Amino acid sequence: MHHHLRPAMLPVLAAAFLLLATLAQAHNITRILAQHPEFSTFNHYLTLTHLAPEINGRTTITVCAVDNAAMDDLLSKHPSIYTVKNILSLHVLLDYFGAKKLHQITNGTALAATMYQATGTAPGSAGFVNITDLHGGKVAFGAENNDGTLTSTFVKSVEEIPYNISVIQISKILPSAAAEAPAPAPTQQNLTSIMSKHGCKIFADTLSNYSDALSTFNDNLDGGLTVFCPLDDAFKAFLPKFKNLTASGKLALLEFHGVPVYQSLATLKSNNGLQNTLATDGANKYDFTVQNDGEEVTLKTKLTTAKITDTLIDEQPLAVFAINKVLLPKELFKGEALAPAPAPEPSAADAPAPAKKGKKKKKAADAPAADASSDSPADSPGDAADDTADDSNGAVSGGRYGNVIVALGLVLGLPLVL
């Protein structure tokens with residue numbers, strides 16, 4: 001069968017290809033900087049602080065990179081990883097500034113909000129950066145709360161994808177007393193107290209009643225932990241089923257709601273796919289799938305699809321999100337699957353409890369393996385930056401844009417193969 005394009009379809013076809021071209025420009029800051037070895041330390045710390053996926057999840061953004069020598073000056077002060085995150089957040093502007101725009105700023109000066117400001121932890125105007133055109137074609141930068149001192153200058157444009165992302169080099173780190181202040185690690189936070197105060201008290205109380213499960217959660221706090229706690233109505237309705245589980249089944253069900261790596265909401269949105277959990281133990285996969293549903297993030301097992309409804313806390317290395325349903329692992333609830341029942345076999349709930357790993361941190365699949373406790377650059381920062389963000393952050397794939405492409409094919413009446 002031959003498909004003939006009618007003249008009336010040409011504008012639609014042009015718009016379709018323009019849309020696909022736009023989607024294809026999804027950026028990846030790790031890949032961009034990996035092409036420039038002079039920024040390897042800066043790139044490494046964007047990965048360690050989990051800023052890279054947050055950058056990839058935004059558009060209309062400018063990253064002010066500094067070279068390895070400037071990063072060495074910063075790291076010589078031995079700041080904690082949390083302080084480094086605040087400082088680098090100040091170098092991510094929430095507006096697009098290409099080289100041309102920098103030299104043509106209206107009235108010669110501009111005030112740009114940063115990712116540090118967006119965290120809500122920056123006091124006053126500490127999360128803003130002043131950009132000013134100076135005599136002789138120079139462009140200067142300074143933290144707004146730094147007494148108006150412009151301490152850094154524009155060096156060059158590294159890469160521009162108008163008006164998606166601009167990566168530029170500035171001469172030195174922007175000093176900011178607020179960003180440089182020691183940032184305490186949130187591990188002193190009481191996990192069950194946080195959940196109890198934000199609508200997940202029944203889950204928190206149940207977790208507290210099972211010391212082995214609570215210990216597993218607490219043992220992973222320092223290295224990074226993401227918790228998905230069911231809201232009270234959902235867990236209350238589930239309690240009869242929970243009480244019918246074996247002791248090992250109850251332990252696995254609770255641990256199934258924790259992931260042994262810190263992930264912000266932006267990270268979850270840009271890292272769709274399988275997630276291992278605290279319950280994962282060898283052949284007992286106990287995993288679920290993270291998938292975007294518009295602006296919402298869903299967690300899917302064979303039996304349930306839960307939505308993230310609220311962020312209770314998001315302070316590296318701990319993130320806690322409320323979800324509207326209890327996550328049911330197929331290992332415990334095989335009989336309730338909608339698909340035809342499998343051949344009879346012993347329930348996983350009756351199996352002996354998975355061997356405890358003590359305080360050894362379990363590995364998470366498809367998650368950044370960065371050591372968030374590192375306060376100094378790795379021996380070879382370029383390698384240490386890892387390719388964690390390369391294939392998962394901001395990459396264009398059939399999974400991410402497949403529905404859009406299929407829809408376009410249907411509109412155009414063309415056969416499209418993904």
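None of the values given here were measured: they were computed from a predicted structure.
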Going through the checks in order, is the side-chain contact (heavy atoms from CB on, under 4.5 Å) test met by Val259 and Phe288? CA-CA 10 Å; Val259 173; Phe288 57 77; 3.9 Å; yes
Salt bridge (charged side-chain N to carboxylate O under 4.0 Å, His left out) against Lys156, all qualifying residues, sequence neighbours excluded: Glu38
So, for Leu327 and Ala306, which heavy atoms are closest and what is the spacing to 0.1 Å? CD2-CB, 3.9 Å
Answer yes or no for Lys241 and Phe238: cation-pi contact, defined as NZ/CZ to six-membered ring centre under 6.0 Å and angle to ring axis within 45°. no
Can you classify the ring geometry of Tyr286 versus Phe256 as parallel (below 30°), tilted (30 to 60°) or perpendicular (above 60°)? perpendicular
For Thr301, check side chain to side chain donor-acceptor pair (under 3.5 Å) against everything at least two apart and list the hits. Thr304
Quick one: salt bridge (charged side-chain N to carboxylate O under 4.0 Å, His left out) partners of Asp232, sequence neighbours excluded? none
Partners of Phe154 by ring pair (Phe, Tyr, Trp, His ring centres under 6.0 Å), sequence neighbours excluded? His103
No-hydrogen, no-angle side-chain donor-acceptor test under 3.5 Å, Ser264 and Thr267: yes
Under the rule for side chain to side chain donor-acceptor pair (under 3.5 Å), what residues qualify as partners of Ser89, not counting sequence neighbours? none
Just to verify, what does Tyr96 make a ring pair (Phe, Tyr, Trp, His ring centres under 6.0 Å) with, not counting sequence neighbours? Tyr163
Is a side-chain donor or acceptor of Asn68 paired with a backbone partner of Ser40 at a separation under 3.5 angstrom? yes
His257 meets the ring pair (Phe, Tyr, Trp, His ring centres under 6.0 Å) criterion, sequence neighbours left out, with Phe203
Any sub-3.5 Å donor-acceptor pair from Thr216's side-chain atoms to Asp212's backbone N or O? yes
Report the residue from Leu254, Asp219, Leu225 that forms a side-chain contact (heavy atoms from CB on, under 4.5 Å) with Leu278. Leu225
Any pair with a residue in residues 49-61 that passes salt bridge (charged side-chain N to carboxylate O under 4.0 Å, His left out), sequence neighbours left out, goes on the list, sorted by first then second residue, please. Glu54-Lys85
Suppose we screen for side chain to side chain donor-acceptor pair (under 3.5 Å). Which residues come up paired with Lys172, at least two apart in sequence or across chains? none
Backbone N/O of Ala179 and side chain of Ser176: donor-acceptor pair under 3.5 Å: yes
For Phe42, which residues count as a ring pair (Phe, Tyr, Trp, His ring centres under 6.0 Å) partner, sequence neighbours excluded? none
Residues in salt bridge (charged side-chain N to carboxylate O under 4.0 Å, His left out) contact with Asp287, at least two apart in sequence or another chain: Lys330
Mind checking side chain to side chain donor-acceptor pair (under 3.5 Å) for Asp205 and listing every partner two or more places apart, or none if nothing turns up? Lys201
